[in-house]
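These notes are about the structure you will find just below.
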Amino acid sequence: MKSEPDVFSLNDLIGLPSQTTFWEGVRNYQARNFMVNEMAVGDQVLFYHSNANPSGIAGLAEVVTPATVDITALDPSSKYFDARSTSANPRWYAVSVGNPVRFARFVPLNELKINRALREMLVIRKGQRLSILPASLQEFSTIVALGNPLRG
DNA sequence: GCCAACGTTGGC
DNA sequence: GCCAACGTTGGC
């Protein structure tokens, strides 16, 4: 899952009292569908910092609730407001993410690009702009080994 | 800040 | 249903 660290970083998540956040604001159908259809409570998440210097994977988190209606789409005062989403017929959904773990070492994008085991990984593809992307177990394990997360 | 890549919108 | 125009993403 991608987030711009200037907006919401892994450290921001770690700093929340609940260490949990609703992944609000996704306004792309494919990304939404991943959350609604593909994610389950307990799934591990690679927390990717996009538009960063450098961009890359900062650590891990975990899906802690199934997808529910993203009410920011219904709130005219929200920057994520979407008039086409209504409470009777909501268009946007999101999961909540918690249990953040910061990697001992940040894994930058250029390191992902040169790793043979990650050659097929979607996040390194040019023009791949989806804010939520699937990763295979092999890719996940490879990246965790690179980041060597400190476990609670 | 540039701009390539891509998704979405809306006229037809 | 096509596709040009537009807006956004995100690496660099």
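Within every chain, numbering begins at 1; the chains are lettered A, B, ... in the order of the sequence lines, protein sequences first and strands thereafter.
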TODO: Give the C-alpha distance, both sets of side-chain angles, the deciding distance and a yes or no for side chain to side chain contact (heavy atoms under 4.5 Å, CB included) between W23(A) and T21(A).
DONE: CA-CA 6 Å; W23(A) 206 260; T21(A) 191; 4.1 Å; yes
Task: Side-chain heavy atoms of F22(A) within contact of T68(A), under 4.5 Å - done: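 Touching, per the 4.5 Å side-chain cut-off.
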Task: Pair E120(A) + R125(A): basic N to acidic O under 4.0 Å - done: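 Here E120(A) pairs with R125(A) in a salt bridge, since their nearest N and O are under 4.0 Å apart.
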Task: Pairs involving residues 61-71 of chain A, ordered by first then second residue, that meet salt bridge (charged side-chain N to carboxylate O under 4.0 Å, His left out) (sequence neighbours left out) - done: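 Qualifying pairs: R27(A)-D70(A).
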Open item on the list: My understanding is that only residues two or more places apart in sequence, or in another chain, count here; which of them pass side chain to side chain contact (heavy atoms under 4.5 Å, CB included) with S131(A)?
Closed with: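 Per chain and number, S131(A) pairs via side chain to side chain contact (heavy atoms under 4.5 Å, CB included) with V26(A), A31(A).
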Task: Contact letters for nucleotides 4-12 of chain C, in which S counts primed atoms plus P, OP1 and OP2 and B counts the base, heavy atoms under 4.0 Å - done: ---BBBBBS
